[in-house]
There are 2 protein chains.
Amino acid sequence: MAVTIKDVARAAGVSPSTVCRALSTPELVRAETRERVQRSAAELDYSPNRAARGLITGRTGNLGLIVPDLGNPFFPGVVKGIQARAREADYAVFLADTDEDPAAEAQLVRTLAKQVDGIVLCSPRMSEQELRGVAALTPVVLLNRRVGRLPAITFDNVDGMRQAVTHLTALGHRRIAYVAGPRASWSNRERVRGLRLAIAAAGAELIEVGPVQPQFDGGVAAADQVLAAGVTAVIAYNDVIALGLLSRLNVRGIAVPAAISVLGFDDIALSAMVHPSLTTVGLPMKSCGRAGVDLLLGLLQDPDRFGSTRRELGTQLMVRGSTGPAPSA
Amino acid sequence: MAVTIKDVARAAGVSPSTVCRALSTPELVRAETRERVQRSAAELDYSPNRAARGLITGRTGNLGLIVPDLGNPFFPGVVKGIQARAREADYAVFLADTDEDPAAEAQLVRTLAKQVDGIVLCSPRMSEQELRGVAALTPVVLLNRRVGRLPAITFDNVDGMRQAVTHLTALGHRRIAYVAGPRASWSNRERVRGLRLAIAAAGAELIEVGPVQPQFDGGVAAADQVLAAGVTAVIAYNDVIALGLLSRLNVRGIAVPAAISVLGFDDIALSAMVHPSLTTVGLPMKSCGRAGVDLLLGLLQDPDRFGSTRRELGTQLMVRGSTGPAPSA
DNA sequence: TTGAAAGCGTTACCAG
DNA sequence: CTGGTAACGCTTTCAA
């Protein structure tokens with residue numbers, strides 16, 4: 001088997017207790033002893049068994065991370081942020097992909113709960129009730145969703161929509177379509193809310209299309225309705241839908257942005273790579289991941305912290321090639 | 001704290017030993033007792049602490065997974081395959097993203113080794129020597145790389161290139177460019193090898209450009225050289241580079257595939273979403289992940305298995321809009 | 001068929 | 001400052 005604390009103790013001629021101290025609380029050990037132990041540990045390439053440690057300390061040094069679908073280009077950025085922050089804090093990360101199955105989410109939390117100090121739930125699809133249920137099992141941080149007082153990191157979708165609408169109306173657009181994402185999606189609801197606010201403030205007109213699946217094909221399917229609505233601009237629930245729109249518009253020979261402007265949401269890597277490149281509302285995905293881990297670690301240190309356990313991250317409109325002046329303007 | 005085996009034992013009026021047996025080897029327990037225990041366990045929502053179990057059994061029920069960069073659209077598919085297969089087998093998965101840092105890879109293996117039964121290394125960037133070193137620490141399966149006799153799942157890059165070249169020469173192309181990926185990349189070397197073989201067999205002419213970074217900007221950077229080489233078709237090391245090529249060609253007003261055909265490799269989700277859509281060599285990424293886990297689990301059951309510990313997965317050319325007849329044909 | 005006891009690798013506590 | 005001992009939650013002999 002692997003090298004244990006006893007091997008190090010033997011090599012250094014001390015007791016396991018001393019090895020433990022020399023490595024975790026060096027100041028409690030005489031310099032000479034400490035160095036001898038550390039040298040032995042290094043020579044044997046010893047590192048403590050975290051599972052065994054967790055058994056007694058009650059802390060595993062592990063985090064859980066549950067995402068609905070890694071194939072959705074929105075998530076990898078968030079996951080990377082989480083990974084990076086967790087590694088800095090010397091935490092290992094369990095990752096589970098639920099394939100968009102709400103039931104699997106709850107099940108996975110239950111399974112992981114025993115092995116982790118806390119769990120980050122990325123855009124969870126389960127019901128509010130279930131969410132509260134699992135939050136009772138283990139410390140939990142929500143990403144991209146807000147439910148009651150549960151700790152959460154979200155994006156300012158409302159302001160993102162304000163930026164989007166402001167951009168379009170400044171270009172002279174008055175009739176704007178929105179291709180909606182899933183009804184059950186928290187972020188879709190937020191985006192619709194922000195959209196209506198901004199449209200009303202600008203005195204513009206909103207035509208809602210959908211909802212469609214937040215996939216490429218959802219955008220393809222919505223494109224003809226958008227066209228039929230006689231709008232000069234369309235905002236999609238997310239970039240992937242917007243790419244579908246772009247594709248179908250291209251097939252139908254509609255020029256973007258000459259005939260119609262297209263605007264996405266999320267700023268996935270792809271949106272800068274297509275032609276015309278996609279104007280979109282950028283979300284700081286890595287920061288979101290980092291902030292989620294920060295919040296979770298904070299919660300672990302001080303479970304009943306006074307400070308806010310909810311944070312909303314700012315967004316930034318990325319103006320690119322798919323939006324331009326309204327045709328009649 | 002959470003509910004332990006003792007709580008169940010107390011509730012069922014038996015000893016912890018019996019609880020353990022009733023749950024893991026039910027046939028060794030009298031039916032009546034067994035049911036009582038199982039009912040108590042269910043009522044208390046008990047599930048064994050896997051870390052504690054691992055301590056004694058030597059098996060953790062955890063797998064490690066190390067990837068260079070989740071942001072690279074090649075990896076999420078593989079990760080999903082691994083996730084799915086691992087979950088079926090009731091394994092939890094530690095995920096680590098190394099940000100393309102070879103040193104981090106080795107370090108992470110060392111850290112994870114203690115907590116997992118084995119590790120899947122996805123397209124590892126570290127040297128062969130390091131790879132052999134970490135393989136001595138814990139059971140390891142390589143994905144998308146082959147080193148000596150180490151267990152590995154790879155794609156048949158050589159045949160993929162044969163398909164690509166066959167497609168292009170059938171369309172009448174004789175002068176073909178290749179935009180190379182990183183020199184250090186195993187799959188780039190394999191692809192070049194297959195390419196040269198196929199080009200020679202077809203009696204065509206190959207112009208090698210690069211190497212470039214396997215990024216969008218790498219493709220953008222290579223496009224003008226490709227154009228200057230006076231070829232009628234170009235194969236990119238991967239889809240992301242191909243998208244960069246497409247973008248730059250578009251900017252320069254070169255029609256694809258009318259003036260030049262573009263062919264990618266990997267079949268990332270994006271390649272079907274752009275216009276023109278990208279002809280590319282598809283790799284079964286999810287299968288690769290699943291196969292990797294299967295291999296690892298097999299190895300764990302039977303460490304010195306006779307059967308092959310290396311598997312090569314077939315590829316399939318996906319003909320789409322970015323390739324067409326050679327201009328002069 | 002069941003229970004007691006030992007032990008996995010670690011840390012925490014209490015003597016010394 | 002150091003060592004012995006107990007304990008974490010579980011599984012696995014070994015006896016009964």
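Note that the structure is predicted; figures quoted are calculated from it, not measured. Chain identifiers are assigned alphabetically (A, B, ...) following the order of the sequence lines, protein sequences preceding nucleic acid strands; residue numbering begins at 1 within each chain.
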Report task. Could you encode protein contacts along nucleotides 11-16 of chain D as a string, one character per nucleotide from 5' to 3', using B for base contact, S for sugar-phosphate-only contact and - for no contact, with a heavy-atom cut-off of under 4.0 Å? Result -> BBB---

Requested in this report: In whole angstrom, give the distance that lies between atom CG of Asn49(A) and atom P of dT10(C).
Outcome: 6 Å

Requested in this report: Examine distances only and state if a side-chain atom of Thr25(A) and a backbone atom of Leu28(A) form a donor-acceptor pair shorter than 3.5 Å.
Outcome: no

Query - Side-chain donor-acceptor contact under 3.5 Å, Ser187(B) with Asn157(B) - result: no

Report task. Using whole Å, report how far CZ of Arg36(A) lies from P of dC1(D). Result -> 14 Å

Query raised in the report: How many Å lie between NZ on Lys114(A) and C1' on dC8(D), as a whole number?
Result: 14 Å

Query - Partner residues of Phe94(A) under the ring-ring contact (aromatic ring centres under 6.0 Å, His included) criterion, sequence neighbours left out - result: Phe94(B)

Report task. Please report, rounded to the nearest Å, how far the C1' atom of dC8(D) is from the CZ atom of Arg59(A). Result -> 16 Å

Report task. Could you check Val14(B) against Leu55(B) and say which one's nearest nucleotide on DNA chain C is further toward the 5' end? Result -> Val14(B)

Query raised in the report: Can you check the Glu32(A) CD to dC1(D) C1' distance for me, whole Å?
Result: 12 Å

Requested in this report: With the side chain counted from C-beta on, respond yes when Arg310(B) and Ile153(B) share a heavy-atom pair under 4.5 Å apart, and no when they do not.
Outcome: no

Report summary line: Looking only at dG9(D), dC8(C), dT2(D), the nucleotide nearest the Lys6(A) side chain is dC8(C)

Output a table of donor-acceptor pairs, distance under 3.5 Å, between side-chain atoms of residues 50-57 of chain A and any protein atom two or more places apart or on a different chain; print 'none' if there are none.
from	atom 1	to	atom 2	distance (Å)
Arg50(A)	NH2	Asp90(A)	O	2.7
Thr57(A)	OG1	Arg53(A)	O	3.0
Thr57(A)	OG1	Arg59(A)	N	3.2
Thr57(A)	OG1	Arg59(A)	O	3.2

Query raised in the report: Rounded to whole angstroms, how far apart are CD on Glu35(B) and P on dT2(C)?
Result: 12 Å

Query raised in the report: Is the closest basic N to carboxylate O distance between Glu43(A) and Arg39(A) below 4.0 Å?
Result: no

Query raised in the report: Nearest-Å distance, CD (Gln115(B)) to P (dT10(C))?
Result: 12 Å

Query raised in the report: In whole angstrom, what separates Arg10(B)'s CZ from dG3(C)'s P?
Result: 14 Å

Report task. Would you indicate, yes or no, if dG3(C) has its OP1 or OP2 atom less than 4.0 angstrom from a side-chain nitrogen or oxygen of Ser15(B)? Result -> yes

Query raised in the report: Does a side-chain heavy-atom distance below 4.5 Å link Arg125(A) with Ser123(A)?
Result: yes

